[in-house]
Protein chains: 2
Amino acid sequence: MPYDPAAFPPFAVTVDLVVLTVRRHELCALAVRRGEPPYQGRWALPGGFVRAEEDLTAAAARELNEETGLRAHDPGSSAAEAHLEQLATYGDPQRDPRMRVVSVAHLVLAPDLPSPTPGGDAHSARWAPVDTLIAGPGGTGREEEQPIPLAFDHDRILSDGVERARSKIEYSSLATAFCPSEFTVGELRRVYEAVWGVVLDPRNFHRKVTGTPGFLVPTGGTTTRQGGRPAQLFRAGGATLLNPPMLRPEV
Amino acid sequence: MPYDPAAFPPFAVTVDLVVLTVRRHELCALAVRRGEPPYQGRWALPGGFVRAEEDLTAAAARELNEETGLRAHDPGSSAAEAHLEQLATYGDPQRDPRMRVVSVAHLVLAPDLPSPTPGGDAHSARWAPVDTLIAGPGGTGREEEQPIPLAFDHDRILSDGVERARSKIEYSSLATAFCPSEFTVGELRRVYEAVWGVVLDPRNFHRKVTGTPGFLVPTGGTTTRQGGRPAQLFRAGGATLLNPPMLRPEV
DNA sequence: CTGTTTATCGTCAGTGAGACGACTATGATC
DNA sequence: GATCATAGTCGTCTCACTGACGATAAACAG
């Protein structure tokens with residue numbers, strides 16, 4: 001194909017973020033309320049335009065920091081860290097009524113933030129349980145109420161992000177991205193239970209995660225913040241791939 | 001962020017294709033020779049600009065058909081079919097020296113084509129063993145020769161595509177996309193061996209694939225095209241996910 | 001002190017994978 | 001035609017891992 005600067009149509013390129021965390025035993029996603037048309041007043045995923053000289057990952061990290069104060073996981077940063085990875089790209093010609101927009105969606109897994117409302121504006125952003133945003137895989141959204149659809153094609157993007165997170169914690173140590181830097185086996189188990197929406201056997205889970213080399217390293221400390229007998233504290237080990245994987249119970 | 005049509009920079013959006021097949025027991029990728037600068041004369045992945053009113057997947061399917069005559073796997077099409085899925089998006093500001101280009105890479109898994117050269121122009125396209133294009137995971141490229149780098153960031157795109165294919169045949173029935181519509185267990189095993197670069201035990205492999213419900217359905221016919229005792233012919237079953245997965249041997 | 005909660009260790013049976021022996025059915029070769 | 005090489009198919013044995021679940025430990029609440 002010959003090079004002709006006039007031969008290709010111009011696109012707007014954006015990044016959208018699926019930011020997931022676990023709050024009160026529920027998988028939650030960050031949603032922002034749109035202030036202007038289209039979809040004015042509807043909830044949407046955070047995102048924005050990629051700048052002229054900005055890498056896609058950098059744009060996603062910048063938007064994440066603007067919305068939540070979180071930093072993407074860069075070795076060398078000591079701020080609150082989150083896992084960030086590219087999810088997929090959505091480019092249906094009709095997905096934005098204003099113009100042709102291609103959105104590169106990114107997935108962020110963050111620990112539960114102490115701040116009750118992410119970002120600065122409490123009215124425009126919230127953590128919403130994913131069950132209230134999209135219908136679950138097995139049935140309707142919880143409480144029999146159908147969720148109000150997100151703006152644009154963000155329902156699909158969120159679904160894809162949740163599914164990616166659900167499958168990825170099976171064979172990687174990514175579930176630790178939902179935990180603070182030090183955590184107990186029980187806290188990690190509750191992450192799996194919230195993300196998968198299942199109940200796991202504490203004894204088998206304990207055997208699995210402590211028996212997988214490189215997954216968890218004990219810090220020596222203990223805590224009773226979950227009540228009951230004091231539990232050992234761990235931090236994430238160097239292993240990123242779990243082999244054999246953690247098995248998600250059958251439905 | 002307020003809507004201002006002048007506030008976002010224009011991007012060119014392209015699709016690039018990682019087209020993989022298995023030829024003579026080797027995993028091969030489709031490469032085209034660039035006819036003009038930049039990187040004139042170098043090998044590159046096939047691809048092209050997304051049209052103004054064209055979906056990303058449609059653009060990838062169109063480019064695939066233009067280059068190889070293959071059709072993406074659409075139910076209802078009887079042409080030679082291939083699996084097509086989105087791979088990842090590459091948007092480094094410096095990746096194309098001419099302008100800001102965001103490329104949505106797609107992965108295509110195709111059966112070995114009877115035509116010796118894909119597409120029409122034998123001089124500009126070829127199937128190249130991936131080992132001759134990128135260094136293998138365990139060491140150098142084969143024959144101790146360092147491969148000539150592909151144009152742009154296509155080395156990375158190809159590596160990502162190959163890695164996706166290698167991991168995806170573990171837990172899905174996607175390896176059948178490399179096979180003709182009817183194939184034997186041995187032919188499927190040779191696909192795994194070529195993609196992973198390993199040798200698998202024929203007896204354990206046979207037990208695994210024939211014992212997984214929905215993976216293979218016998219057609220009733222047999223063939224001796226591989227020599228030896230006649231082998232049953234199968235076609236791909238409806239199952240797409242393999243549970244438990246096919247295990248890739250340790251290195 | 002008793003009950004409750006959570007953590008942790010152990011046991012046992014069943015599933016599945018790796019290693020590998022044995023047999024079968026074809027074509028090639030002497 | 002006998003023999004050999006090749007590829008396919010069935011079985012067996014062992015080990016690792018999982019799921020189910022009993023038992024004990026260490027905290028706190030009443």
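Chain letters run A, B, ... following the sequence lines, proteins first, then strands; residues in each count from 1.
Of the two residues contacting DNA chain C, namely B:K208 and B:D201, the nearest-nucleotide position lying further toward the 5' end is that of B:K208. Nearest-nucleotide assignment on DNA chain C puts the 5′-proximal partner with A:G227, out of A:T210 and A:G227. Nearest-nucleotide positions on DNA chain D place B:G228 closer to the 5' end than the other of B:G228 and B:F234.
Straight-line distance from the CG atom of B:N204 to the C1' atom of C:dT15: 15 Å, rounded to whole Å. The interatomic distance linking A:F215 (CZ) with D:dC17 (C1') rounds to 16 Å, in whole Å. Distance A:R248 CZ to D:dG19 P: 13 Å, rounded to the nearest Å. Atom CG of A:L188 and atom P of C:dT8 are 12 Å apart (whole Å). Between the CG atom of B:L247 and the C1' atom of D:dC17 there is a distance of 12 Å, given to the nearest Å. Distance B:Q226 CD to C:dT24 C1': 18 Å, rounded to the nearest Å. Atom CG of A:L200 is separated from atom P of C:dT8 by 16 Å (rounded to the nearest Å). One can place NE2 of A:H206 at 18 Å from C1' of D:dA20, the figure rounded to the nearest angstrom.
A:R189 comes within 4.0 angstrom of sugar-phosphate atoms only, judged by non-hydrogen atoms across all strands, and of no base. Residue B:R225 is out of contact with every strand shown, counting any heavy-atom pair closer than 4.0 Å.
Centroid-to-centroid, the aromatic rings of B:F205 and B:Y192 come within less than 6.0 Å.
On a pure distance criterion of 3.5 Å, no polar donor-acceptor pair joins the side chain of A:R207 and the base of C:dG10. Remark: the B:R229 side chain and the D:dA7 base include no donor-acceptor N/O pair separated by less than 3.5 Å. Counting distance only, with no hydrogens placed and no angle test, the side-chain atoms of A:R203 and the base atoms of D:dG22 include a donor-acceptor pair under 3.5 Å.
Ranking D:dT9, C:dT8, D:dA27 by closeness to the B:A231 side chain, first place goes to D:dT9.
In this structure, the side chains of A:T176 and A:L188 come closer than 4.5 Å at one or more pairs of heavy atoms. Counting only heavy atoms from C-beta outward, the side chains of B:W196 and B:E170 approach each other to under 4.5 Å.
In this structure, B:R71 does not pair ionically with B:E81, as no charged nitrogen and carboxylate oxygen lie closer than 4.0 Å.
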*Check against side chain to side chain donor-acceptor pair (under 3.5 Å), A:D160 and A:Y90*: CA-CA 11 Å; A:D160 291 348; A:Y90 301 83; 2.6 Å; yes
